[in-house]
Structures are given as C-alpha cells and as structure tokens.
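Notes to accompany the following structure.
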Amino acid sequence: MTSKLGITVAVDLSSESALVSPVGRLTVRNVSSLIAVARRAGSCSGLDTVVDLRKLTGADPEAVEMIRDSGWQGRRLLGAGPVGRKHAA
C-alpha cells in the first residue's frame, strides 16, 4: 500500500506569509515532495513560510528529522511533537 500525501499552500499576501499544510501519512518516501513545496512557497517574494503537520494521520520520525535537517528556512514547523504515531489501517 502506498502512502499518499496531499499538500495545500495558503498564501496571505497582506501578511507576506504562506501556510503549507500536508494531509495523509508522512513517510521517508514522500517527505522530499513536502520539502520542495515548502521551499518553493518561501522563495515566492520571500514569503514567511509555516509548515503545519497537525493534519497528518501519522508521520515517520525519520521523515520529520529529514525536514529539520533539510535546511528549509521556514519560520515554524507546527505539530512536529507527537511523531511516529501508529494508526490502525
């Protein structure tokens, strides 16, 4: 079974910020897509970027570490605390 990750980017031009919200399960196989989208969102006219992981159904701890180690220059990483939760399929 493949883990699908949906990513929504909400841009607020008045506050010059972008909110990147992934949904689904974050794995080491799909985290590179999230990192790429977060970087692109931040590169658009220097928007202040926040990645919100709170809507994920689960996350591999290694994937969250990959985000932290990626050099992503966003402002905040929300919901990264309870990683590695296991959910019944």
Side-chain angles (χ1 to χ4, degrees):
M1 184 170 89
T2 49
S3 297
K4 293 198 176 193
L5 188 68
I7 304 171
T8 302
V9 178
V11 177
D12 184 353
L13 295 176
S14 64
S15 66
E16 297 180 352
S17 65
L19 176 65
V20 180
S21 301
V23 293
R25 176 138 182 92
L26 186 66
T27 66
V28 294
R29 297 189 89 175
N30 62 21
V31 70
S32 59
S33 300
L34 176 60
I35 293 169
V37 170
R39 283 186 175 155
R40 285 185 199 129
S43 68
C44 297
S45 302
L47 294 176
D48 196 14
T49 308
V50 175
V51 175
D52 186 355
L53 303 179
R54 294 178 292 185
K55 293 182 181 177
L56 291 172
T57 57
D60 294 342
E62 298 87 9
V64 176
E65 282 303 313
M66 289 173 72
I67 296 171
R68 289 184 177 132
D69 295 341
S70 70
W72 164 69
Q73 296 299 314
R75 182 175 60 168
R76 288 186 288 181
L77 183 61
L78 301 176
V83 297
R85 297 177 299 196
K86 294 188 178 181
H87 295 275

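All values derive from a computational prediction rather than experimental measurement.
Using a 4.5 Å heavy-atom cutoff, the side chains of Leu53 and Leu78 are not in contact. Taking the side chain as every heavy atom from C-beta outward, Val20 and Leu34 approach each other to under 4.5 Å. Residues Val28 and Met66 form a side-chain contact, since some pair of their non-hydrogen atoms from C-beta on lies under 4.5 Å apart. Using a 4.5 Å heavy-atom cutoff, the side chains of Ile67 and Asp69 are not in contact.
Closest approach of Arg25 and Asp60 over heavy atoms only: NH2-OD1, 2.7 Å. Taking all atoms of both residues into account, the shortest heavy-atom contact from Pro22 to Leu5 is CB-CD1, 3.9 Å. The nearest pair of heavy atoms linking Ala38 to Val51 is CB-CG2, 3.8 Å. Here the shortest heavy-atom pairing between Ala59 and Val64 reads CB-CG2, 4.1 Å.
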Using the side chain to side chain contact (heavy atoms under 4.5 Å, CB included) rule, take Val23 and Leu56 through it: C-alpha gap first, then chi angles, then the decisive distance, then the call.
-> CA-CA 5 Å; Val23 293; Leu56 291 172; 5.7 Å; no
Residue pair Leu26, Asn30: steps toward the side chain to side chain contact (heavy atoms under 4.5 Å, CB included) verdict = CA-CA 6 Å; Leu26 186 66; Asn30 62 21; 3.6 Å; yes
Start with the C-alpha distance between Val9 and Leu19, add both sets of side-chain angles, then the distance that settles side chain to side chain contact (heavy atoms under 4.5 Å, CB included), and finish with yes or no.
-> CA-CA 6 Å; Val9 178; Leu19 176 65; over 6 Å; no
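With a 6.0 Å radius and a threshold of 12 heavy atoms from other residues, nucleotides or ligands, Glu65 has its CD atom above the threshold.
Going from atom CD1 of Ile7 over to atom OG of Ser21 covers 10.0 Å, rounded to the nearest 0.5 Å.
Residue pairs meeting the salt bridge (Lys or Arg N to Asp or Glu O under 4.0 Å) criterion with at least one member in residues 41-52, sequence neighbours excluded: Asp48-Arg75, Asp52-Arg54.
By the side chain to side chain donor-acceptor pair (under 3.5 Å) test, Ser15 is found to be paired with Asp12, Ser17, residues two or more places apart in sequence or in another chain being considered.
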